[in-house]
Amino acid sequence: MVKNHRLAKSISDVSWSLFREWVEYFGKVFGVVTIAVPPHYTSQNCSNCGEVVKKTLSTRTHVCPHCGHTQDRDWNAARNILEKALSTAGHVGTNGAIRSVET
């Protein structure tokens with residue numbers, strides 16, 4: 001169905017939305033706070049110094065020319081996502097990013 005160019009974006013959006021709902025549901029079930037983080041530039045920014053390092057999708061290693069930091073692209077993105085999530089922790093109500101856990 002995703003190969004249908006007229007429906008592909010809608011189908012993909014629904015899938016990510018459903019995935020996020022499940023993550024939030026299981027977070028509540030297991031008492032874990034879930035924080036939605038916008039994915040923009042998470043693999044482009046250096047997790048060490050914050051500089052933007054442009055790369056193609058085929059480039060799998062992050063190498064920062066500014067600070068010399070070298071890391072797998074996915075690990076670099078994961079560190080950036082964690083940093084964004086931790087920076088919003090405690091700011092309840094900011095863009096609906098934090099869902100409170102009911103006890």
Side-chain angles (χ1 to χ4, degrees):
M1 288 176 64
V2 177
K3 291 181 182 180
N4 180 338
H5 296 291
R6 294 181 183 172
L7 298 175
K9 184 171 179 355
S10 297
I11 292 170
S12 294
D13 288 346
V14 168
S15 298
W16 282 113
S17 174
L18 185 61
F19 175 73
R20 181 176 167 185
E21 286 178 20
W22 275 100
V23 169
E24 290 175 352
Y25 168 76
F26 281 108
K28 287 179 183 177
V29 168
F30 291 105
V32 177
V33 176
T34 58
I35 302 171
V37 176
H40 312 303
Y41 300 104
T42 53
S43 64
Q44 300 285 328
N45 292 345
C46 178
S47 61
N48 192 45
C49 69
E51 291 291 327
V52 176
V53 181
K54 296 288 184 185
K55 54 183 88 75
T56 64
L57 288 174
S58 63
T59 306
R60 301 308 308 159
T61 303
H62 168 79
V63 180
C64 181
H66 303 281
C67 68
H69 180 69
T70 302
Q71 192 171 34
D72 180 78
R73 178 189 184 123
D74 296 334
W75 281 99
N76 181 65
R79 287 180 59 187
N80 286 329
I81 290 168
L82 178 62
E83 186 64 33
K84 281 185 177 184
L86 292 175
S87 71
T88 62
H91 299 277
V92 178
T94 55
N95 299 327
I98 298 178
R99 308 274 186 217
S100 61
V101 178
E102 296 176 12
T103 55

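Applying the ring pair (Phe, Tyr, Trp, His ring centres under 6.0 Å) criterion to F26, with sequence neighbours excluded, gives W22. For D72, there are no salt bridge (charged side-chain N to carboxylate O under 4.0 Å, His left out) partners at least two apart in sequence or on another chain. Considering only residues two or more places apart in sequence or on other chains, F30 meets the ring pair (Phe, Tyr, Trp, His ring centres under 6.0 Å) condition with none of them. S43 pairs by the side chain to side chain contact (heavy atoms under 4.5 Å, CB included) definition with R73, A77, not counting sequence neighbours. The side chain to side chain contact (heavy atoms under 4.5 Å, CB included) search around T56 returns S58, T59, not counting sequence neighbours. Contacts of N45 classified as side chain to side chain contact (heavy atoms under 4.5 Å, CB included), with partners at least two apart in sequence or in another chain: Y41, V52, N80.
Between atom CD of residue E83 and atom OG of residue S47 there is a gap of 9.5 Å, rounded to the nearest 0.5 Å. Note: E51 CD to C64 SG = 6.5 Å, rounded to the nearest 0.5 Å. Here CZ of R79 is found 6.0 Å from CG of N48. Values are rounded to the nearest 0.5 Å.
Side chain of N76 to backbone of Q71: no donor-acceptor contact under 3.5 angstrom is found. Judged purely by atom type and a 3.5 angstrom limit, E24 has no side-chain atom pairing as donor or acceptor with the backbone of T34. A distance-only check finds a donor-acceptor pair linking the side chain of K84 to the backbone of P38 [under 3.5 Å].
With hydrophobic clusters built from ILVMFWY side chains whose heavy atoms lie under 4.5 angstrom apart, I81 shares a cluster with V33. Hydrophobic cluster membership differs between L82 and W75, with clusters built from Ile, Leu, Val, Met, Phe, Trp and Tyr side chains linked at under 4.5 angstrom. Both V29 and L18 are members of a single hydrophobic cluster when ILVMFWY side chains are connected at heavy-atom separations under 4.5 Å.
Among all heavy-atom pairs drawn from A85 and I35, the shortest one is O-CD1, 3.5 Å.
Between H62 and V53 the shortest side-chain heavy-atom distance falls below 4.5 Å.
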